[in-house]
Number of protein chains: 2
Amino acid sequence: MSLKVRLNKSPKPPQTCLLTECMSVISGAWAPNVIWSLRSGPRRFNELRIDIPPISAKVLSARLTELTERGVIVRNVLPTSPPSVEYQLTELGQELIPALDAIVHVGYKLKDKGYIE
Amino acid sequence: MSLKVRLNKSPKPPQTCLLTECMSVISGAWAPNVIWSLRSGPRRFNELRIDIPPISAKVLSARLTELTERGVIVRNVLPTSPPSVEYQLTELGQELIPALDAIVHVGYKLKDKGYIE
DNA sequence: CGGCATCCCTGTGGATACTG
DNA sequence: CAGTATCCACAGGGATGCCG
């Protein structure tokens, strides 16, 4: 009997270059939208859920945690009676805005020429 | 007996906003790397495989097809004896470079501060 | 309100082999 | 050389439910 160990996953992660690493920050599902929503100021958890229509709480939570760990946003617990939490971009996070802007800029052109949507 | 149709997938795609749409262009695995590799000129299929270390032929092929359909790169078959194919960025594709640049720029800062890698 | 835990399904990508 | 075909593993997300 052959053991036939199928080792599909590459042992080493796919070449952790800077581009790939940083892309991972903004390419989790909805991550760009979260950043985008925060561009104009702090937002609360449920505000974000409404801003970004069909995002599930789980994923929003995951992204917020992740982005927080990456130093892109900060979590701010407000001492109100129904406890509320604010998120906002850090200085570092704000630097992502131009990047997203550039992407959206290209997005317009892609749309114009009918390549997307 | 309940049929219990588990309809996990959202009927409508996740809010096709421009940002999301355009992100999808560059967020397939390796897509940014492909674009990055092409930034300094046309490359051949196998050159790209070497440039982008552990990319599988399948995925490279998939990304190239996809990017071609999206109008970001063009395919160029050269009439050499061992047939070779060149890929290069379109004008539109070149506009993605600044976006990636911006991302890499932030990447450096993230790295500096130890948030990634 | 904010946000885990669970459960399950799909898409995406890797390995390998094969074709023109 | 430049791919395509098949097969499969797995991470990432959606739904739902529960908790402080």
Side-chain angles (χ1 to χ4, degrees), chain A residues 2 4-15 20 23-34 42-69 73-88, chain B residues 2 4-15 20 23-34 42-69 73-88:
Chain A
S2 84
K4 192 176 185 183
V5 178
R6 292 189 110 288
L7 188 54
N8 264 355
K9 291 288 92 176
S10 53
K12 55 177 177 181
Q15 184 219 25
T20 306
M23 279 301 296
S24 78
V25 172
I26 59 173
S27 54
W30 305 113
N33 303 76
V34 170
R43 304 288 278 164
R44 306 235 316 274
F45 189 87
N46 271 355
E47 287 178 324
L48 288 171
R49 289 193 66 179
I50 293 167
D51 284 348
I52 310 171
I55 191 175
S56 63
K58 174 190 156 189
V59 173
L60 177 52
S61 178
R63 285 296 86 76
L64 289 171
T65 305
E66 198 178 293
L67 291 173
T68 302
E69 283 168 359
I73 62 178
V74 284
R75 205 182 109 110
N76 223 337
V77 182
L78 305 178
T80 52
S81 65
S84 54
V85 184
E86 264 186 5
Y87 293 90
Q88 61 183 308
Chain B
S2 82
K4 190 176 186 183
V5 178
R6 290 191 111 289
L7 188 56
N8 263 355
K9 291 288 91 178
S10 53
K12 55 176 178 183
Q15 185 217 24
T20 306
M23 280 301 295
S24 79
V25 173
I26 58 173
S27 54
W30 306 114
N33 304 76
V34 170
R43 302 291 276 165
R44 306 236 315 274
F45 188 87
N46 271 355
E47 287 179 324
L48 288 171
R49 290 192 66 179
I50 293 168
D51 285 348
I52 310 170
I55 191 176
S56 63
K58 174 188 156 188
V59 173
L60 178 53
S61 177
R63 285 296 85 74
L64 289 172
T65 304
E66 197 177 293
L67 292 172
T68 302
E69 282 167 0
I73 63 178
V74 284
R75 204 183 111 109
N76 223 336
V77 182
L78 305 179
T80 52
S81 66
S84 55
V85 183
E86 266 187 5
Y87 293 90
Q88 60 183 310

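Just so we're on the same page: letters track the sequence lines, and every chain starts at 1.
Every residue two or more places apart in sequence or in another chain that forms a side chain to side chain contact (heavy atoms under 4.5 Å, CB included) with B:S24 is listed here: B:R70. A:T80 pairs by the side chain to side chain donor-acceptor pair (under 3.5 Å) definition with A:S84, not counting sequence neighbours. Remark: A:P42 engages A:E86, A:Q88 in a side chain to side chain contact (heavy atoms under 4.5 Å, CB included) (not counting sequence neighbours). Every side chain to side chain contact (heavy atoms under 4.5 Å, CB included) that A:R49 has, sequence neighbours left out, goes to A:F45, A:N46, A:A57, A:L60.
Contact between the side-chain N/O atoms of B:R63 and the OP1/OP2 oxygens of C:dT12 is not found at any separation under 4.0 Å.
Per the geometry, CE belonging to A:M23 stands 15 Å off P belonging to D:dG12, to the nearest Å. Here the P atom of nucleotide D:dG12 and the CD1 atom of A:I55 are 15 Å apart, to the nearest Å. Distance A:E66 CD to D:dA11 P: 15 Å, rounded to the nearest Å.
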Check the interface with nucleotides 1-5 of chain D: list each N/O to N/O pair with the protein under 3.5 Å, or write none.
from  : atom 1 : to    : atom 2 : distance (Å)
D:dC1 : OP1    : B:N46 : ND2    : 3.4
D:dC1 : OP2    : B:N46 : ND2    : 3.4
D:dA2 : OP1    : B:R44 : NE     : 2.8
D:dA2 : OP1    : B:V85 : N      : 3.1
D:dA2 : OP2    : B:N46 : N      : 3.1
D:dG3 : OP1    : B:R75 : NH1    : 2.2
D:dG3 : OP1    : B:Y87 : OH     : 3.4
D:dG3 : OP2    : B:Y87 : OH     : 2.5
D:dT4 : OP2    : B:S61 : OG     : 2.4

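Residue pairs meeting the side chain to side chain donor-acceptor pair (under 3.5 Å) criterion with at least one partner in residues 58-67 of chain B, sequence neighbours excluded, are B:R63-B:E66.
A:I50 CD1 to A:R43 CZ: the interatomic distance, rounded to the nearest 0.5 Å, is 8.5 Å.
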